[in-house]
Amino acid sequence: MKEISKKYEAGKYEENIYKLWEKSGFFNPDNINSKKKYSNILPPPNANGGLHLGHASGYTVMDIFGRFERMKGKSVLLLPGKDHAGIQTQVVYEKKLEDEQGINRNDLGRKKFFQSIYDFCLERANYMRSQEKKIGVSADWSREKFTLDTEVSKIAMETFVKMHKDGMIYQGERIINWCPRCKTALSDIEVDHKTVQGKIYFIKYPIQNSEKFITVATTRPETMLGDSAVAVNSQDERYTKLVGLKVILPLENRIIPIIADKRIDKEFGTGAVKITPAHDLLDWDIGQDHQLPIIQVINEKAQITKQGGKYQGQDVLVARKNILADLKMQGFFEKEEDLEINKSICERCKETIEPLISKQWFVAVDAKKYSLKKEALKAIKNGEIKFFPENFRKTMIQWLSNLHDWCISRQIWWGHQIPVWYCEKCGEEEYIVSIEKPLACPKCQGKKLRQETDTFDTWFSSGQWVHTTLGYPQGKDFKEFYPTDMMIMGRDLLFFWASRMIMMSLYRTGEVPFKNLFFTGLIRDKLGKKMSKSKGNGIDPLQMIDKYGVDALRLSLVMDTTPGQDSRLYEEKIEGFRNFITKLWNIYRYSTTASPEFFLKEKIASRDVKSVADQWIIAKLNETIESVTIFMEKKEISLAQEKLKKFTWDDLADWYLEIHKIEKNNQVLGYLLDKILKLWHPFTPFVTEKIWQDFWQGEKMLMMEKWVKPEKKLEIKKAQELFEEIKEVISKVRNLRANYRIDPAKIVQAYSIKIKEQKIIEKLARIEIIEKLASTKSIQIITKNVELSLDIANLIDIAKEKKRTKKEIEQLNQLIVKIKNLLANKKFKDSAPEKVILQNQKKLKEYQEKIKTQKELLMNITKF
RNA sequence: GGAUCCUUAGCUCAAUUGGCUAGAGCAUCUCGUUUACACCGAGGAGGUUAUAGGUUCGAGUCCUAUAGGAUCCACCA
């Protein structure tokens, strides 16, 4: 006989099993002959990265649904890809260049720099791909895409051209978030905020032709070089007289007005604010409304410009120090106070953001001809997309409602260069939007054209991921799989990505990109902290796979989780699921070692279901299949798994297998094993396929088996109740034995006037039923179909048993009163559903029976 | 300032959307014999579901308020 190891050695089989699946070709939907389609475009991870737990949990969910749908007979497409991740990758790569070669991007030049990142990403992508395969994702690798692939980017570029035609693109000098380290503009969403301890400075601005001052408060005194006004709240009585007067800007001696604006907070600082339109977002708005001059005093390297006079060339922080010193010397400095400041930082490199005026490209999100914002809102409000969790819909609606125009140009090299061309003769005022380089300038026929150097925001292309990867508009995949069924992502991508995909795909294709949008939560550590490299509290999924196997990791990532809700992960948890995998393995091991002729059974006949236990377990199985299927369809993975686990461990392993040792029925056992392998496969694909292959030897593959259905014909209701009763009797005996330390090896003698399933009760409760008991005293266990008298009266504490029984009677009495009252209540009868009423009636009967037997028992003990 | 989520056993989480005596796992305690499994089995202890009200025949679940925690968005001159 074949040796099977006691434990499932995951590492030994995983690679080969994945190869088996891959070789079969069924990851590719073209090889599945089915009219029913299911598609999920996988979110592309950053090509430069490595696999972390966030990816692992996402992929697990995607794969679970993918495998489930495939087993339901659909032609399933899970389309994988990689994202060039513009700024992030450039930041990483520049650091690498600096560290390894001591050079920067300018040393290489744009072309070489681009090419070398490209090569780097390609190499990393290979690595990343092998890691993704380890998770078990059943993705079609032959369709793998990269955001910079020509066919993908072409479609994304065409969107820009179309948007331009539709009047949704404009170029403008506006205030934007500038990262001095990345040297690029950022959209609002790419800016993070961080509270830091800082100072607020009070500076006196002298009023023209007066001895008086107006004091302004600022956290950034260096920007005063670019002030073009002082503003107060229009309702602020302290200052109404001053509005319209002029002040002399200290250090610069420029004359600027005092203006009134309702956006100024009276309570904050002195209620008077210096206005620097070039370096503050709110000041920019106020400056626009009051037509104030814009004076740029900070440049793109965060240094003072020529406009800043004697401070020119100084870094902002140096300039701040010098300016404060000069103000003090000249008597304009009033005081400083500590203040918590909410600093804007670059999401990617954490550098302090400088708001600057800069010429950038924008997408109008609410243009006349087509409103990205309104169309997306309409679709979402119409319920064209199902959200998991549902309340994220509201969050999305709110965010979209407040959406501002989107700055899409970045001054980095790693990305899609914007398809705009300038004529060298005509200058920047004239530009041509075209994917191909135009032959000549349409105005002057000049041939010297150069392309815009800016690149697109990464989200401009990844926001089109669904329809570009499917080859909109003519692609076969687009026609077959769009709109896709499912999209799964981390909840942090709700605004960044989900919203943009909805807007842009709707704009291009007229349809939403996906019908279901499922969010995973963040994976936190045991203490609920975010995992991060710097804290060193991260868990490496690959290490966990090596140690516990992928199936265990997959379970630990999705079980006990709720969509969109953060969850905690730690090794003990993974270990627990590894233990379950071992249990599954041992169910298989028992089945084959106990009966060498054992085999999996797809179908069995009613006559094969013989004993009460058989009937009971089949009924349990049916119930499990039913609810697991329903839960899966409702996308309740966690509940499905819980139900399955309970059946597998409690019902099958702990009860049915034990009974199988007493009364073997390999037909039923083979049938059960066939079913649980299929049910578990989406969740734990490796171990189930391994067991399956051991039986079928390559004849067929579990991955392609059909999802199971309950066989109601095999079910007999009566047996269920009886078996539950047998279980209860056995538990009661075990309970008594444990309570009174009766040696587990001791076979307790018992007498019975009424018994069913004698052999099972005898074996599992470790008792022996004999003709006549030696002792006249005995402890009784009474149920509907069983009456046992156990010869253990001399071993137990009678007083204690009496007390326990009395307590139970009391409890039952309370329950009975409660239910009786409920059933007597007219309102309850009128309004409660039929099902609930029946349930309660049944319950009442049960309690009444129980209380009867308990009373008998008490009487019996009292005799002693 | 606006919004969302969370608070259930010592710990981590459930509870099929308002209906069975609120369930699991881990940890803990007691005991371990069997034709799979000690990564195991049997049994026990552990709960006023954060607090206070309300709606309801019925509330962990719905509403209101309070407290604590988390997150997101906006603003902070």
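The shown structure was predicted, so the numbers you read here are calculated from the model rather than taken from an experiment. Chain letters run A, B, ... following the sequence lines, proteins first, then strands; residues in each count from 1.
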>> Can you see whether A:Trp399 has A:Arg491 sitting over its ring - NZ or CZ less than 6.0 Å from the centre and within 45° of the normal?
In response: no
> Are A:Glu572 and A:Lys526 within salt-bridge range, i.e. N to O under 4.0 Å?
Replying inline: yes
> Taking atom P of B:rC73 as reference, at what distance in whole Å does atom CZ of A:Arg491 sit?
Replying inline: 10 Å
> So what does A:Ala272 touch, heavy atoms closer than 4.0 Å: a base, only the sugar-phosphate, or nothing?
Replying inline: nothing
>> Once you apply a heavy-atom cut-off of 4.0 Å, does A:Trp655 come out as touching a base, just sugar-phosphate, or nothing?
In response: nothing
> With both distances under 3.5 angstrom, what nucleotide forms a Watson-Crick or G-U wobble pair with B:rG1?
Replying inline: B:rC73
>> Across nucleotides 7-18 of chain B, 5' to 3', mark each nucleotide with B, S or - according to how protein heavy atoms within less than 4.0 Å reach it.
In response: -----SSSSBB-
>> From CG of A:Asn821 over to C1' of B:rG58, roughly how many Å is that when rounded to an integer?
In response: 12 Å
> Could you state the NZ-C1' distance from A:Lys645 to B:rA24, rounded to the nearest angstrom?
Replying inline: 7 Å
>> Under 4.0 Å, heavy atoms only, any strand: does A:Ala217 hit a base, just the sugar-phosphate, or nothing?
In response: sugar-phosphate
> When you measure from the side chain of A:Leu657, which nucleotide among B:rC57, B:rA36, B:rC39 comes out closest?
Replying inline: B:rA36
> Where do A:Phe268 and A:Ile200 land on the side chain to side chain contact (heavy atoms under 4.5 Å, CB included) test, with the steps shown first?
Replying inline: CA-CA 11 Å; A:Phe268 195 89; A:Ile200 181 161; 3.7 Å; yes
>> On RNA chain B, does the nearest nucleotide to A:Arg263 precede the nearest nucleotide to A:Asp192 from the 5' side, or the other way round? Give the residue.
In response: A:Asp192
> If the C1' atom of B:rG58 is compared with that of B:rA70, how far apart are they to the nearest Å?
Replying inline: 33 Å
>> For the C1' atoms, the ones on B:rG69 and on B:rA74, what distance do you get once it is rounded to whole angstrom?
In response: 22 Å
>> Taking only side-chain N and O atoms of A:Asn825, does any of them lie within less than 4.0 angstrom of OP1 or OP2 on B:rG58?
In response: no
> Does NZ belonging to A:Lys727 count more than 12 external heavy atoms closer than 6.0 Å?
Replying inline: yes
>> Suppose you measure atom P in B:rU61 against the same atom in B:rA15; what distance do you get, rounded to whole Å?
In response: 14 Å
> Side chain of A:Arg766, base of B:rU33: donor and acceptor closer than 3.5 Å?
Replying inline: yes
> Is any NZ, NE, NH1 or NH2 atom of the basic residue among A:Lys690 and A:Asp551 found under 4.0 Å from an Asp or Glu carboxylate oxygen of the other?
Replying inline: no
> Which residue lies toward the 5' end of RNA chain B, A:Leu815 or A:Asn586, if each is placed at its nearest nucleotide?
Replying inline: A:Leu815
>> Between B:rU64 and B:rU55, how far apart are the two P atoms, rounded to whole Å?
In response: 15 Å
>> Using a 4.0 Å heavy-atom cut-off, does A:Leu339 contact any base of the nucleic acid, only the sugar-phosphate backbone, or nothing at all?
In response: nothing
> Can you check whether A:Lys646 has a side-chain N or O nearer than 4.0 Å to OP1 or OP2 of B:rG25?
Replying inline: no
>> Closest approach to the side chain of A:Thr582, judged atom by atom: which nucleotide of B:rA36, B:rC39, B:rU21 is it?
In response: B:rC39
>> Whole angstroms only, please: what is the CG-P distance between A:Asp283 and B:rC75?
In response: 12 Å
> Between A:Lys274 and A:Thr223, do the side chains contain an N or O donor and an N or O acceptor separated by less than 3.5 Å?
Replying inline: yes
>> Once you apply a heavy-atom cut-off of 4.0 Å, does A:Ser591 come out as touching a base, just sugar-phosphate, or nothing?
In response: nothing
> For A:Arg589 and B:rC40, what is the distance between atoms CZ and P respectively, to the nearest whole Å?
Replying inline: 15 Å
> CZ of A:Arg263 to CD1 of A:Ile286: how many Å apart, nearest 0.5 Å?
Replying inline: 5.0 Å
> Does a donor on one side chain sit under 3.5 Å from an acceptor on the other, for A:His290 and A:Asp261?
Replying inline: yes
> Please walk me through it: do A:Ser187 and A:Glu190 pass side chain to side chain donor-acceptor pair (under 3.5 Å)?
Replying inline: CA-CA 5 Å; A:Ser187 64; A:Glu190 287 161 306; 2.9 Å; yes
>> With a 3.5 Å cut-off and heavy atoms only, can you find an N or O donor on one side and an acceptor on the other between the side chain of A:Arg578 and the base of B:rC39?
In response: yes
> CZ of A:Arg524 versus C1' of B:rU71: gap in Å, rounded?
Replying inline: 8 Å
>> Suppose we call two aromatic rings close when their centres sit under 6.0 Å apart. Are A:Tyr588 and A:Phe695 close by that rule?
In response: yes
> With respect to the side chain of A:Lys843, which nucleotide from B:rC20, B:rU33, B:rC57 is positioned closest?
Replying inline: B:rC20
> Are any of A:Tyr590's side-chain N or O atoms less than 4.0 Å away from OP1 or OP2 of B:rU35?
Replying inline: no
>> Does either side chain, that of A:Asn825 or that of A:Asn821, offer a donor lying less than 3.5 Å from an acceptor on the other one?
In response: no
>> Checking contacts here: which listed nucleotide (B:rC57, B:rG43, B:rA36) is nearest the side-chain heavy atoms of A:Asn735?
In response: B:rG43
> Given that both distances must come in under 3.5 Å, which nucleotide forms a Watson-Crick or G-U wobble pair with B:rG18?
Replying inline: none
> C1' atom, B:rG23 versus B:rA9: distance in rounded Å?
Replying inline: 11 Å
> Which residues, if any, of residues 389-402 of chain A bring a heavy atom under 4.0 Å of RNA chain B?
Replying inline: A:Asn391, A:Lys394, A:Gln398
>> Checking A:Glu808 against A:Thr805: is there a side-chain donor and acceptor pair closer than 3.5 Å?
In response: no
>> Whether A:Arg220 and A:Glu354 form a salt bridge (side-chain N of Lys/Arg under 4.0 Å from carboxylate O of Asp/Glu) is what I want to check.
In response: yes
>> Can you tell me which nucleotide in B:rC57, B:rA36, B:rU21 comes closest to the side chain of A:Ser831?
In response: B:rC57
> Which is true for A:Arg737 with a 4.0 Å heavy-atom rule: it touches a base, it touches only sugar-phosphate, or it touches nothing?
Replying inline: nothing
> At under 4.0 Å between heavy atoms, what does A:Lys583 touch on the DNA or RNA strands: base, sugar-phosphate, or nothing?
Replying inline: base
>> Quick check on A:Lys643: does its NZ atom have over 12 non-hydrogen neighbours (other residues, nucleotides or ligands) under 6.0 Å away?
In response: no
> Can you check whether A:Lys6 has a side-chain N or O nearer than 4.0 Å to OP1 or OP2 of B:rC37?
Replying inline: yes
> Is the glycosidic angle of B:rU17 within 90° of 0, making it syn, or outside that range, making it anti?
Replying inline: syn
> Rounding to a whole Å, what distance do you find between A:Ile730:CD1 and B:rG43:P?
Replying inline: 10 Å
>> Under 3.5 Å for both donor-acceptor distances, Watson-Crick or wobble: does B:rU61 have a partner, and if so which one?
In response: none
> If we take the P atom in both B:rA50 and B:rG10, what is their distance in whole Å?
Replying inline: 13 Å
> Which nucleotide, B:rC20, B:rA42, B:rU33, lies nearest any side-chain atom of A:Asp654?
Replying inline: B:rA42
> Has A:Arg734 got a side-chain N or O lying under 4.0 Å from the OP1 or OP2 atom of B:rA42?
Replying inline: no
>> Suppose you measure atom C1' in B:rA22 against the same atom in B:rG46; what distance do you get, rounded to whole Å?
In response: 14 Å
> Taking the same atom, C1', in B:rC20 and in B:rU51, what whole-Å distance lies between them?
Replying inline: 28 Å
> Does A:Trp649 put a side-chain nitrogen or oxygen below 4.0 Å from OP1 or OP2 of B:rC40?
Replying inline: no
> CZ of A:Phe519 versus P of B:rC5: gap in Å, rounded?
Replying inline: 15 Å
